[in-house]
Student: 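I'd like to ask you about the structure that follows.
These numbers were taken from a predicted model, which means no experiment stands behind them. All chains are named by letter (A, B, ...) in the order of the sequence lines, taking the proteins before the strands, and each is independently numbered beginning at 1.
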Amino acid sequence: MPLSKTFDAQEAERRIYAAWEEAGAFAAGANASREESFCIMIPPPNVTGSLHMGHAFNNTLQDVLVRWHRMRGFDTLWQPGQDHAGIATQMVVERELARDGKRRTDFSREDFIDLVWKQKERSGGTIIGQLKRLGASCDWSRNAFTMAGAPGDTRVGHENSPDFHNAVMRVFVDMYRKGFIYRGKRLVNWDPHFETAISDLEVEQVETDGHMWRLRYPLADGQTYEHPVEFDEDGNVTATETRDYLTVATTRPETMLGDTGIAVHPDDRRYAHLVGKEAILPLVGRRLRIVADDYADPEKGTGAVKMTPAHDFNDWAVGQRTGLRAINVMTPRAGMWLRDNPDFAEGCDPDGLARVTEAVDGLDRYEARDWIVRTAEEEGWLDGIDADRHMVPHGDRSKVAIEPYLTDQWFVDAEKIVGPAIDAVRDGRTTILPEADRKVYFHWLENIEPWCISRQLWWGHQIPVWYGPDRDDPAGGPREFCAATEAEAFDLAREYYGPGPEIRFGGEGAESGGLREAEGDGVARFAEVTLARETDVLDTWFSSGLWPIGTLGWPEDTPELRRYFPTDVLITGFDIIFFWVARMMMMQYAVVGERPFDTVYVHALVRDEKGKKMSKSLGNVLDPLELIEEYGADAVRFTLTAMAAMGRDLRLSKERIAGYRNFGTKLWNAARFAEMNGAVGGGADVPAATAAVNRWILGETGRVREKVDAALDAFRFNEAADALYGFVWGKVCDWYVEFSKPLLQGEDEELRAETQAVMAWVIDQCLILLQPIMPFLTEELWGTLGERSKMLVHADWPGYTAAELADEAADREMGWVVSVIEEVRSARAQMHVPAGLYVPMLATEIGETGRAAWGRNEALIKRLARIESLEEVDGFPKGTVTVAVEGASLGLPLAGVIDVAEEKARLEKTLGKLEKEMGGLSGRLSNPKFVESAPEEVVDETRATLALKEDEAQRLRAALERLAEIG
RNA sequence: GGGUGAUUAGCUCAGUGGUAGAGCGCUUCGUUCACAUCGAAGAUGUCGGGAGUUCGAAUCUCUCAUCACCCACCA
């Protein structure tokens, strides 16, 4: 069945992908002929997500490596899967509910989670289908999910995946027991929209126009200080005024209700006598201790800074150092919490307390701010307002201002497990590419903060901790029982409480209880203990941090784990180096004491053609699926590969994709040409060749194979793509196809057979080498051209070298032929010789090389340069256009056509260029230091080049002289 | 405030010590039987400025300028 005129990407790509799947072509171990394994873990996309350009880029690169290794015979696993993506997914479901006017809290936790599982079933397959359209050759039979095995799991879409939930639970317990995880009351980033803690990384700073309010806090007990008001030229104070108040500044006046102190710098003479004394908090009359701490900057504002330890990270730290109380004055939704807040009430004067509570309790933080500012103004303790542009932390999902908030949360003590993750990269067990990203990685890890891993959400891995009362003090506690399952928790509790009490499960969060029963000996014992499961779930990145071992079946000692772990390569975007890469490094080391991967390849961002980040709100998003529909998956893949210069953002434009689509068409047509000329079905063996044309293209093929391998080996994807593009278009199509025509269509049967074999083999090599980048079109051609024992996806990657295939004599000969053709074409175009007109050619000097090359390639040269005949003459007649090539002086007698002025201009220009080049070369050669210190081959090469140029220049000068004779 | 990267043809970008490259765009020509999603020929660069190292610098060092991104608690 002959090839169709064009490649129908839409039809063929779906059909071919189905055929691959049908054949189990992507299964781990398929096509393995060597011992080595190769494993890539997909960065699991959100289960409700859909493919965007970043995914397309990321997965194209992975697929290139995976297909390349699979063809090379490695036991290859590309592990696919999806992430449950806690907040993001819960957000999607809550938004759906909101459409029906419902909220999460209208459901029980179990019912809500069931809804999320259903949502996952509905949308979870979307991204998989999209990855398949792209051509991703994942082993889908192993598709994993980060919540697999968790309560409510329907197993739809990840039927065979390992029990990831169990792995997460076991890791938590393991890290808990090793002391890497703890629960504590600390200030965390609180998202008032989702009403959950988030980690530092989920906070983004947004520059915002705001105000700085200066407030006057009266000093207690009649204290005063001298405030400088006038200075001389040297900055010395020349006048002061006595003040009985301190001016403090804040961008968030509402937090003043939680103030418990004022800090000044220890060396600040103005306030030295006040340290240890007190000020009065306006509105409620709470006494604020004045403390000395380095944090207070004497240069800023008045040098006195109010302390709100429960609502500001700096103030919290100062509070810890100086023993200030922390008073939480906010609700989880960032409203004011004043009523029934004993911490707040303590130390307040009753009238003030009542008034403020009446006015702002329950108000949103911003409304409370307005009231406080208004009141301060009315009462005269507002010192002033400055416009201020400052950074305000926002939740990266909710986009609302986050609130530093004091709650009980779970933390990974990252400092304890960060060491091996740093060392592994430092000593090269894991390589991060590009190198620049290593610094980013180190910088973050070396300054690591505790990682808040608890989330007050419902969708996620519920933290495997049960709380019970203290054995000796039933009112105390809670006592934590950390275990992977309820049964194991029961055992722990039994061990702790002894054989007496009945142990039950129930209760909420850290609430737990027990009945106390006095026995005769006076020792308190429980008759009944109720264990309460921790309600928080884990940060989604905690579970995805286990992706490498979890997908391979840990904690079971599976064959996959033994075979594929540590994995070989991770390909990911720079935006999740901290979120994911660093955490995987830390956690695999913490749990199994091993690196998760040998190499991390960090790629940059796909931007639009103007360099802007693609975003929905800007409306500049290129949808990879639309592009695939329009140009075909191969074109999109080739474009992304060709633009993947390491570490640089890529600007994607449709024009570029169209260009590479054309490249596919070009290859298709070359294959059609081969087919039409009986050049199909080349075997794996390099064919024998006698003709220079054939020997030359074999050498070129050897060179490109080496280039592709070297480039991919170094993760220089663009170089691999460029090399193939240049080879297929610039060598095979532009020259070899043309060269082959007289041979394929000529009389010499032996030569025809040889050329057919070489052409068939070369086309096959193009298909094989291009398969990792453009798998569809090449597979289609492979299957159509000739009988094959296996699909291209499993074809053997070649191992021949350039040295084996290259033929120096053939390269030289074809080089000569090419330059003659190019020079003749150039001269003809310049002289406006009609394109189709065959003209005679004359030769005055033609050396041995040239004569031999001409003799063997006469037909080619005549055909491609439109030459009628070659005749050796003693000298060129008037009106000859000179063609200067190495080792020959050729001329076209174009007396009738020639424009003397134009020919003169052409020669002068060429000569000018030559002379400039020669100047550089001879200047260099006449420099003794160059000759002494440059490598010998460089010097030789320079000499040879110069000699050639001189030769050519000589001929050009002669031609110019002849031209001068004409007129 | 700290850090990283970038600056090369009109545009988008390759190019880590040895005669400046590609794609697109542009100009001229071309329906030769693989391909007009094509072919041929062409024009366009003090490689951001300056200094240094070197026989030799787009490439290494320093510096300045501009841009981008990341990190950061500045009241």
Student: Could you state the CE-C1' distance from A/Met918 to B/U19, rounded to the nearest angstrom?
Tutor: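 It is 13 Å, rounded to the nearest whole Å.
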Student: Indicate, with a heavy-atom threshold strictly under 4.0 Å, whether A/Lys916 touches base, sugar-phosphate, or nothing.
Tutor: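 Nothing: the residue A/Lys916, judged by heavy atoms under 4.0 Å, touches no strand.
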Student: What orientation do A/Tyr725 and A/Phe638 show, parallel under 30°, tilted 30 to 60°, or perpendicular over 60°?
Tutor: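 The arrangement is tilted - the two ring planes meet at 30° to 60°.
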Student: Tell me: CZ of A/Phe673 to P of B/U37, nearest whole Å?
Tutor: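 That distance rounds to 21 Å.
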Student: Would you find a donor on one side and an acceptor on the other, under 3.5 Å apart, between the side chain of A/Arg216 and the backbone of A/Asp383?
Tutor: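 No; judged by distance alone, with no hydrogens or angles, the pair does not exist.
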Student: C1' atom, B/U16 versus B/C67: distance in rounded Å?
Tutor: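 Their C1' atoms lie roughly 23 Å apart.
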Student: Assess whether side chain to side chain donor-acceptor pair (under 3.5 Å) is satisfied between A/Glu822 and A/Ser819, documenting all intermediate values.
Tutor: CA-CA 5 Å; A/Glu822 282 180 338; A/Ser819 67; over 6 Å; no
Student: What contact category does A/Met391 fall into here, base, sugar-phosphate, or nothing, at under 4.0 angstrom with non-hydrogen atoms?
Tutor: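 Since a base atom lies under 4.0 Å of A/Met391, the category is base.
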Student: Looking at B/U19, B/A40, B/U12, which one has an atom nearest to any side-chain atom of A/Asp734?
Tutor: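 Taking heavy atoms from C-beta onward, the closest nucleotide is B/A40.
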Student: What distance, rounded to whole Å, do you find between the two P atoms, one in B/G50 and one in B/A40?
Tutor: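 Each nucleotide's P atom is 39 Å from the other's.
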Student: Under 4.0 angstrom, heavy atoms only, what part of the nucleic acid is A/Val737 near: base, sugar-phosphate, or nothing?
Tutor: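 Answer is base: heavy atoms of A/Val737 come under 4.0 Å of a base.
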Student: Side chains of A/Arg672 and A/Asn669 only: does a donor on one sit below 3.5 Å from an acceptor on the other?
Tutor: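 There is such a pair between these side chains.
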Student: When we call it a touch if two heavy atoms are under 4.0 Å apart, what does A/Pro935 touch: a base, just sugar-phosphate, or nothing?
Tutor: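 Since a base atom lies under 4.0 Å of A/Pro935, the category is base.
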Student: Taking the same atom, P, in B/U44 and in B/G10, what whole-Å distance lies between them?
Tutor: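 Those two atoms are separated by 11 Å.
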Student: Give a yes or no on whether the backbone of A/Cys452 and the side-chain of A/Arg186 come within a donor-acceptor separation of less than 3.5 Å.
Tutor: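 Side chain of A/Arg186 to backbone of A/Cys452: no pair is present.
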Student: Can the positive tip of A/Arg661 be found less than 6.0 Å from the middle of the six-membered ring of A/Tyr631, inside 45° of the ring normal?
Tutor: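 Ring-cation test returns no.
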Student: Quick check against the 3.5 Å criterion: does A/Trp735 have a side-chain atom that pairs as donor or acceptor with the backbone of A/Val693?
Tutor: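 Here the side-chain-to-backbone pair does not exist.
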Student: I'd like to check the side-chain hydrogen bond (donor to acceptor under 3.5 Å, both in side chains) partners of A/His832; sequence neighbours left out, ordered by chain and number.
Tutor: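 Once residues adjacent in sequence are excluded, the partners of A/His832 under the side-chain hydrogen bond (donor to acceptor under 3.5 Å, both in side chains) criterion are A/Glu902.
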Student: Look at the side chain of A/Arg656 and decide which nucleotide, out of B/G30, B/G23, B/G18, has an atom nearest to it.
Tutor: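 The listed nucleotide nearest to A/Arg656's side chain is B/G23.
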Student: P atom, B/G25 versus B/U46: distance in rounded Å?
Tutor: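 The answer is 24 Å between these two P atoms.
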Student: How many whole angstroms separate atom NE2 of A/His443 from atom P of B/C70?
Tutor: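 My rounded result for the distance is 15 Å.
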Student: So does A/Trp729 get a side-chain nitrogen or oxygen closer than 4.0 Å to the phosphate oxygens (OP1/OP2) of B/G39?
Tutor: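 Checking B/G39 against A/Trp729, a side-chain N or O does come within under 4.0 Å of OP1 or OP2.
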Student: Look at the rings of A/Trp213 and A/His211 and say which category their plane angle falls in: under 30° parallel, 30 to 60° tilted, over 60° perpendicular.
Tutor: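 Judged by the thresholds at 30° and 60°, the geometry between A/Trp213 and A/His211 is tilted.
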Student: Scan A/Glu738 against the nucleic acid and name what it touches under 4.0 Å (heavy atoms): base, sugar-phosphate only, or nothing.
Tutor: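 Base contact.
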Student: Over how many whole Å does the gap from A/Glu655 atom CD to B/C11 atom P extend?
Tutor: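 Going from CD in A/Glu655 over to P in B/C11 covers 15 Å.
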Student: Taking for each residue the nucleotide of RNA chain B with the nearest heavy atom, is it A/Lys439 or A/Thr665 whose nucleotide lies nearer the 5' end?
Tutor: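 Between the two, 5'-proximity favours A/Lys439.
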Student: Students often get this wrong, so: under 4.0 angstrom with heavy atoms, is A/Thr250 touching a base, only sugar-phosphate, or nothing?
Tutor: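 It contacts sugar-phosphate atoms only.
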Student: Can you give me the dot-bracket string for RNA chain B, 5' to 3', counting Watson-Crick and G-U wobble pairs with both distances under 3.5 Å, using [ ] for crossing pairs and | for partners on another strand?
Tutor: ((((((((.[[[[.)..(..]]]].(((((.......))))).....[[[[[..)....]]]]])))))))....
Student: Give one of base, sugar-phosphate or nothing for A/Tyr660, where a contact means two heavy atoms less than 4.0 Å apart.
Tutor: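 Here A/Tyr660 touches no strand at all.
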Student: Measuring to OP1 and OP2 of B/G39, would you say a side-chain N or O of A/Lys666 lies under 4.0 angstrom away?
Tutor: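 Answer is yes, contact under 4.0 Å.
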Student: Base of B/U32, side chain of A/Arg866 - is there a donor-acceptor contact under 3.5 Å?
Tutor: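 A donor-acceptor contact between them is present.
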Student: If you measure from the P atom in B/C64 to the same atom in B/C11, how many Å do you get, rounded?
Tutor: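 After rounding to an integer number of Å, I get 28 Å for this pair.
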Student: Among residues 824-833 of chain A, which residues get a heavy atom nearer than 4.0 Å to RNA chain B?
Tutor: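 Residues of residues 824-833 of chain A under 4.0 Å from RNA chain B: A/Arg825, A/Ser826, A/Ala829.
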Student: Using the C1' atom on both, measure B/U19 against B/U12 and round to a whole Å.
Tutor: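 To the nearest whole Å, 26 Å.
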Student: Is a side-chain N or O of A/Asp297 found less than 3.5 angstrom from the main chain of A/Glu299, in a donor-acceptor match?
Tutor: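 Yes.
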Student: Can you tell me which nucleotide in B/C55, B/A34, B/U19 comes closest to the side chain of A/Gln745?
Tutor: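 My answer, after comparing the listed nucleotides, is B/A34.
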Student: Give the rounded distance in Å between these two atoms: NZ of A/Lys707 and P of B/A14.
Tutor: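 Whole-Å distance recorded here is 19 Å.
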Student: Donor-acceptor pair, A/Glu903 side chain versus A/Thr882 backbone, under 3.5 Å?
Tutor: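 Yes; judged by distance alone, with no hydrogens or angles, the pair exists.
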Student: What integer distance in Å separates A/Tyr725:OH from B/C13:P?
Tutor: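 Going from OH in A/Tyr725 over to P in B/C13 covers 18 Å.
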Student: Looking only at the aromatic ring of each residue, does the gap between the centers of A/Phe7 and A/Phe776 stay below 6.0 angstrom?
Tutor: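 That pair fails the under 6.0 Å test.
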Student: Quick one: A/Ile432 CD1 to B/U4 P, roughly how many Å, whole number?
Tutor: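 Atom-to-atom, A/Ile432 to B/U4, this comes out as 16 Å.
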Student: Counting the atoms with a prime plus P, OP1 and OP2 as sugar-phosphate, which does A/Ala671 contact under 4.0 Å by heavy atoms, base, sugar-phosphate, or nothing?
Tutor: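 The answer is nothing, as A/Ala671 stays clear of every strand by at least 4.0 Å.
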Student: Using whole Å, report how far CZ of A/Arg661 lies from P of B/C35.
Tutor: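 Distance, rounded to whole Å: 17 Å.
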Student: When you check the phosphate oxygens OP1 and OP2 of B/C38, does a side-chain N or O of A/Asn669 lie under 4.0 Å from one of them?
Tutor: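 Indeed not, no polar side-chain atom of A/Asn669 lies that close.
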Student: Can any side-chain N or O of A/Asn677 pair as donor or acceptor with the backbone N or O of A/Ala679 at less than 3.5 Å?
Tutor: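 Not confirmed, A/Asn677 side chain does not pair with A/Ala679 backbone.
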Student: Determine the interatomic distance between P on B/U7 and the same-named atom on B/C13; round to the nearest Å.
Tutor: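 My reading of the P atoms in B/U7 and B/C13 gives 10 Å.
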Student: Which value, in whole Å, describes the distance between the P atoms of nucleotides B/C26 and B/U37?
Tutor: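 Those two atoms are separated by 15 Å.
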Student: Considering heavy-atom distances to RNA chain B, does A/Glu719 or A/Ala934 have its closest nucleotide positioned more toward the 5' end?
Tutor: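 On the 5' side of the pair lies A/Glu719.
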Student: Measuring from the side chain of A/Val938 (C-beta onward, heavy atoms only), which nucleotide among B/G18, B/U19, B/C55 has the closest atom?
Tutor: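 Closest nucleotide to the A/Val938 side chain: B/G18.
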Student: Checking all strands, does A/Arg672 fall into the base, sugar-phosphate, or nothing category for heavy-atom contacts under 4.0 angstrom?
Tutor: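 Since only primed, P, OP1 and OP2 atoms lie under 4.0 Å of A/Arg672, the category is sugar-phosphate.
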Student: Is the distance from OP1 or OP2 of B/A34 to the nearest side-chain N or O of A/Lys741 less than 4.0 Å?
Tutor: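 Yes, within the criterion.
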Student: With hydrogens left out and only the distance checked, is there a donor-acceptor pair under 3.5 Å joining A/Asn314's side chain and the base of B/C73?
Tutor: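 Side chain to base: pair present.
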Student: Could you check whether A/Asn447 gets within reach of a base, just the sugar-phosphate, or nothing at all, counting any heavy atom under 4.0 Å?
Tutor: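 No contact.
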